2 protein chains.
Amino acid sequence: MRGEGVAMQGKDRGRGSGSLVSRVGESLRQAILSGQYAAGDKLPSEHELTETHSVSRTVVREAVAALRSDGLVEVRQGAGIFVISPDPALSGRKVDKARVASDLEVLEIRTPVEIEAAGLAALRRSPAQEEAIFECHRKILHCIETDQSIREADLELHVAIAEATNNPLFKHFLESQGSAIIPQSRLVPETRTAEQTAYRKLIHREHEAIIVAISDRDDQAARNAMREHLVGSQARYRNLLKDLRSFTS
Amino acid sequence: MRGEGVAMQGKDRGRGSGSLVSRVGESLRQAILSGQYAAGDKLPSEHELTETHSVSRTVVREAVAALRSDGLVEVRQGAGIFVISPDPALSGRKVDKARVASDLEVLEIRTPVEIEAAGLAALRRSPAQEEAIFECHRKILHCIETDQSIREADLELHVAIAEATNNPLFKHFLESQGSAIIPQSRLVPETRTAEQTAYRKLIHREHEAIIVAISDRDDQAARNAMREHLVGSQARYRNLLKDLRSFTS
DNA sequence: TCATCACACATGTATGACAAATTCTCGGAT
DNA sequence: ATCCGAGAATTTGTCATACATGTGTGATGA
């Protein structure tokens, strides 16, 4: 199994193609971002990853090292690789209160970045990027109508907006933040579809305001709409926390 | 050389102590952030790093993988490890114009984050954090008076402010941005001390406004002062670029 | 029932080998 | 002398194996 990474000459750049490490890393990153592994979950062992991806442990370890440095996973010798869990209820409650807010921490730093991204996107978007944003928006609507999770599509939309800034750092920033980007996804059970649908439609409307502003090249309106959306997310998340506390404690 | 990483039991946590990978990674990260290696520079080869740090190549490679994922370095097979160079004049000019602005790109995403950080720091700083900020400020003044580079001290001040938000993500963000954080450092030659000193004193004054506002717990003033500082940096950097262009082209 | 210990498993590090890409060097042809 | 190309040296990419160290778990025995 020596010359495994031989083929692939043509610059397939764009995803994780340049090296095996990039490919495995992107694969794991997507698996985490898409919610395949929730916060606190244990990833397959290095040995298993070695087999499922048909690469050596070296490659797996380097890929994991990258995730670790991005704060996406936490590796414990002898135990395994775990998706970072800001929620103390899931990961041993040693850090009792200082870490409770970590989902909010992510939201806190995301807010200024995404507001700026929306403003810049309004000023700089190309027609293709505008179309990509609308496409994501439609996708979310489709998910709502077919009653699927909007988690992935929601993330895609935000990434699409970041991409429309034409400053690659914005996209990179979002992708580094991990599963906490769409925080509520790992808290809400899949129940209460009526309430759930209303909630999703509200998000959809907030998105719409952002997108229309970007389409109109109105950067101030885009900033305001994005601010409202994120502040709304923050409020919704705080309410969720409150509900959870009244259940558990 | 088998049992090299045996010692070090006591939890020396705080820097890169938990694992050899963390130690080497932090060491390299600091070397880059402190300007020991400028953008475009080639780092020592993996073999050399193996010897200087007395670790195996495994460890070096994992540490470098982390830097790579943070966008701090770029690794080219057969060539070496290079500090990310946004400057097309230093790294082959294949990406002719799309990448010219990358220093500005960093500034562009830093701006909203640091403005928010200043505001949060004003609201949340502890007395110890306030003191740390003042200490950095004094350090910069000392550098100016003794005519040393303020690069490192400047970076430290910004990190100290980020730390005073009590949201670790802000610090992590700054440390991930790399050498481009203090962009002018690799453009200005060490000459023209008169003009240089005036320039540094201006920066010092801008810092002062930020710090006073944080000390006063006036978050709006802190935001405004930080905004002014960063906008000023951006303007100064654009001027530098213009000067350079008139020289080279 | 409960404490203890052994063992399986998981990650951490070291070492050596070969593949593949780049750079350097040197000798030959013009 | 200059240009050029072949090959050597260097450097990163990947694989395989071995051993060290930390974790969890279940069997064992009091």
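These values consider heavy atoms only, across backbone and side chains, with no hydrogens, waters or symmetry-generated copies. As the structure is a computational prediction, the values presented were derived from the model and not from experiment.
B/D41 and B/Q36 share no side-chain donor-acceptor pair at under 3.5 Å.
Rounding to whole angstrom units, CZ of residue B/F82 and C1' of C/dT22 are separated by 9 Å. Between B/R76 atom CZ and C/dT23 atom P the separation is 6 Å, expressed in whole Å. Atom CD in A/E62 sits roughly 12 Å away from atom C1' in D/dC15 (whole-Å rounding). Rounded to whole Å, atom P of D/dT14 lies 14 Å from atom NE2 of A/H53. In this entry the distance linking NE2 of B/H47 with P of C/dT15 reads 12 Å, nearest Å. B/R57 places its CZ atom 16 Å from the C1' atom of D/dT17, with the value rounded to the nearest Å. The distance between atom CD of A/E74 and atom P of D/dT23, rounded to the nearest whole Å, is 12 Å. What separates CD of B/E51 from P of D/dT10 is a distance of 13 Å, to the nearest Å.
Minimum interatomic distance between B/L28 and B/L43 (heavy atoms only, all atoms of both residues): CD2-CD2, 4.4 Å. B/F173 and A/I109 make their closest contact through CB-CD1, 4.0 Å (heavy atoms, listed as atom of the first residue, atom of the second, distance). For B/I161 against B/A121, the heavy-atom pair with the smallest separation is O-CB, 3.7 Å.
No donor-acceptor contact under 3.5 Å links the side chain of B/E46 to the base of D/dT12. With hydrogens and angles ignored, a donor-acceptor pair closer than 3.5 Å exists between the side chain of B/Q77 and the base of C/dA20.
Residue A/T58 is classed as a base contact, given a heavy-atom separation below 4.0 Å to a base.
Using a 4.0 Å cut-off between charged side-chain N and carboxylate O, B/E74 and B/R68 make no salt bridge.
Listed pair B/S56 / C/dA14 meets the phosphate criterion, a side-chain N or O lying under 4.0 Å from OP1 or OP2. A sub-4.0 Å separation between OP1 or OP2 of C/dG12 and a side-chain N or O of A/R61 is present.
Of the candidate nucleotides D/dT11, C/dT13, D/dT14, C/dT13 has the atom nearest to the side chain of B/S19.
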